[in-house]
Participant: 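I'd like to ask you about the structure that follows.
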Amino acid sequence: MIWLTWRQLRGSAAMMAAVLVILAIVLALTGPDLASRYSAGIAACTQDNTCGRFFDRFFGGHDMPFMAVSLVVLLLPAVVGLFWGAPLITRELEAGTHLMVWNQSITRTRWLAVKLGLTGLVAMAAACLCGLMVTWWSGPLDMSAPDELALMAPLVFGARGIAPMGYAAFAFVLGVTVGMVVRRTLPAMALTLAVFAPWAWWCAAPCPPWPSRWPSSPRSSSPCRCWSVPT
């Protein structure tokens, strides 16, 4: 059963792996130079107390790549929900292949558990790896970003560390659930997008300012706005 599930998944997994490899190469080629420029700039600006201007100049010169790589991480869970989650069960139901599997002494519970487990784990691993690579690359930019794009800002928080893994898990489960209810691939994909897009937009929307004891970035002492505990 695991072998069969992997054969069905390997095409999508190969495409995902290719995208991650390309992204890793781009980040590996540009990341060390970005970090060295940030270190040199910090060393220079601390001597004459001009780090504020350096932060503005440094982030302003890399704001487009910063937004691009963050957008890639934020879109990855949506791709997982649309193209991995929604068709996972509906494709089997439409083609009738689930009946052939059930006639091979495979119970429905085992069939569903293997498909959900293997596909879900691969999707979460891909999202986690993507998030960690972008987090490593964008470290200097996260430390010099303005408050609205600081590390703890909702839009950036969802694209850093292991947070994309949670987003991917939610999108995958949402797609599978919608597919099992609708039982048609294209309507399930459309409905998954219709539910996930507003939810992701709501998560990335700025929150009202709350007082906090933690600064949002080294460039400012102003508090982070959403992911803090009121004092």
Side-chain angles (χ1 to χ4, degrees), residues 9 11-13 15-20 22-23 26-27 63-94 115-116 119-135 137-138 141-142 145-210 224-228:
L9 177 65
S12 301
M15 294 181 61
M16 181 72 74
V19 172
L20 292 178
I22 294 173
L23 179 64
V26 173
L27 297 182
D63 55 346
M64 292 302 295
F66 174 86
M67 295 302 298
V69 296
S70 299
L71 184 62
V72 169
V73 182
L74 292 173
L75 289 178
L76 185 60
V79 173
V80 168
L82 286 177
F83 298 100
W84 288 28
L88 185 67
I89 305 300
T90 57
R91 183 175 51 211
E92 301 275 0
L93 297 177
E94 289 179 339
K115 292 185 70 69
L116 290 179
T119 309
L121 287 176
V122 172
M124 292 170 61
C128 182
L129 179 60
C130 185
L132 292 176
M133 289 191 302
V134 171
T135 300
W137 180 88
S138 62
L141 295 175
D142 288 333
D147 288 342
E148 60 271 15
L149 293 175
L151 184 60
M152 296 304 289
L155 181 63
V156 180
F157 180 83
R160 297 294 183 269
I162 62 174
M165 184 170 62
Y167 282 72
F170 172 77
F172 177 74
V173 173
L174 175 64
V176 172
T177 303
V178 172
M180 294 178 68
V181 173
V182 177
R183 293 176 175 261
R184 292 293 184 270
T185 300
L186 292 180
M189 294 173 66
L191 188 56
T192 299
L193 180 62
V195 175
F196 182 79
W199 177 83
W201 178 265
W202 175 78
C203 288
C207 301
W210 281 6
C224 56
R225 295 192 294 175
C226 280
W227 307 94
S228 58

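Positions are given from 1 along the sequence. Note that these values count all heavy atoms, side chains included, but never hydrogens, waters or copies made by symmetry.
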Participant: Which atom names give the shortest non-hydrogen contact between Ala159 and Val134, and what distance separates them?
Facilitator: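 That would be O-CG1, 4.3 Å.
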Participant: Using side-chain heavy atoms (C-beta onward) and a distance below 4.5 Å, is Leu116 in contact with Leu88?
Facilitator: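 Counting from C-beta outward, Leu116 and Leu88 do come under 4.5 Å.
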Participant: To the nearest 0.5 Å, what is the distance between NZ (Lys115) and CZ (Arg91)?
Facilitator: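 Separation between the atoms: 6.5 Å.
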Participant: Is any side-chain heavy atom of Met133 less than 4.5 Å from a side-chain heavy atom of Val73?
Facilitator: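 They are not in contact (no side-chain heavy atoms under 4.5 Å apart), so the answer is no.
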Participant: Start with the C-alpha distance between Leu76 and Val72, add both sets of side-chain angles, then the distance that settles side-chain contact (heavy atoms from CB on, under 4.5 Å), and finish with yes or no.
Facilitator: CA-CA 6 Å; Leu76 185 60; Val72 169; 5.9 Å; no
Participant: Shortest non-hydrogen contact from Gly131 to Pro164?
Facilitator: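 Taking Gly131 first and Pro164 second, the nearest heavy atoms are CA-CG, 3.9 Å.
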Participant: Calculate, to the nearest 0.5 Å, the distance between atoms CG and CG belonging to Leu129 and Leu23 respectively.
Facilitator: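 Leu129 atom CG to Leu23 atom CG measures 8.5 Å (nearest 0.5 Å).
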Participant: Decide yes or no on side-chain contact (heavy atoms from CB on, under 4.5 Å) for Trp199 and Leu174, but give the supporting numbers first.
Facilitator: CA-CA 11 Å; Trp199 177 83; Leu174 175 64; over 6 Å; no
Participant: Please name the pair of heavy atoms, one in Pro187 and one in Val182, separated by the smallest distance, quoted to 0.1 Å.
Facilitator: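 Looks like CB-CG1, 3.7 Å.
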Participant: For residues Ala153 and Glu148, report the shortest heavy-atom separation together with the two atoms involved.
Facilitator: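 Between these two residues, the closest heavy atoms are CB-O, 3.5 Å.
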Participant: Does Thr135 use its side chain to pair, donor to acceptor, with the backbone of Gly161 at less than 3.5 Å?
Facilitator: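 Present.
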Participant: Less than 4.5 Å apart, side chain to side chain, heavy atoms only: is that true for Met67 and Leu149?
Facilitator: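 Side chain of Met67 against side chain of Leu149, heavy atoms only: contact under 4.5 Å found.
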Participant: Does the side chain of Met15 come within less than 4.5 Å of Val19's, by heavy atoms?
Facilitator: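 No. Closest side-chain heavy atoms not under 4.5 Å.
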Participant: Should Asp142 and Phe66 count as side-chain neighbours, where that means a heavy-atom distance under 4.5 Å?
Facilitator: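 In contact.
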Participant: Would you say Ile162 has more than 12 foreign heavy atoms packed within less than 6.0 Å of its CD1?
Facilitator: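 No, not enclosed.
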Participant: Decide yes or no for Cys130 and Leu20: does some side-chain heavy atom of the first lie under 4.5 Å from some side-chain heavy atom of the second?
Facilitator: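 A side-chain contact exists here, since the closest heavy-atom pair is under 4.5 Å.
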Participant: Supply the atom-to-atom distance Trp201 CH2 to Phe196 CZ, rounded to the nearest 0.5 angstrom.
Facilitator: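 Nearest 0.5 Å value for the CH2-CZ distance: 13.5 Å.
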Participant: Taking the side chain as every heavy atom from C-beta outward, state whether Trp84 and Ser12 have any atom pair closer than 4.5 Å.
Facilitator: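 SC-SC contact between Trp84 and Ser12 confirmed.
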Participant: Run Val69 and Trp137 through side-chain contact (heavy atoms from CB on, under 4.5 Å) and show every step you take.
Facilitator: CA-CA 9 Å; Val69 296; Trp137 180 88; 3.6 Å; yes
Participant: Taking all heavy atoms of Ala123 and all of Ala168, pick out the closest pair and write down the distance.
Facilitator: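 Heavy atoms of Ala123 and Ala168 come nearest at O-CB, 4.3 Å.
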Participant: Go through the steps to decide whether Phe172 and Met124 satisfy the test side-chain contact (heavy atoms from CB on, under 4.5 Å), and finish with yes or no.
Facilitator: CA-CA 9 Å; Phe172 177 74; Met124 292 170 61; over 6 Å; no
Participant: Measure the CE-CZ distance between Met165 and Phe170 for me, rounded to the nearest 0.5 Å.
Facilitator: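 With rounding to 0.5 Å, CE (Met165) is 16.0 Å from CZ (Phe170).
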Participant: Is the closest side-chain heavy-atom distance between Arg184 and Thr90 below 4.5 Å?
Facilitator: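 They are not in contact (no side-chain heavy atoms under 4.5 Å apart), so the answer is no.
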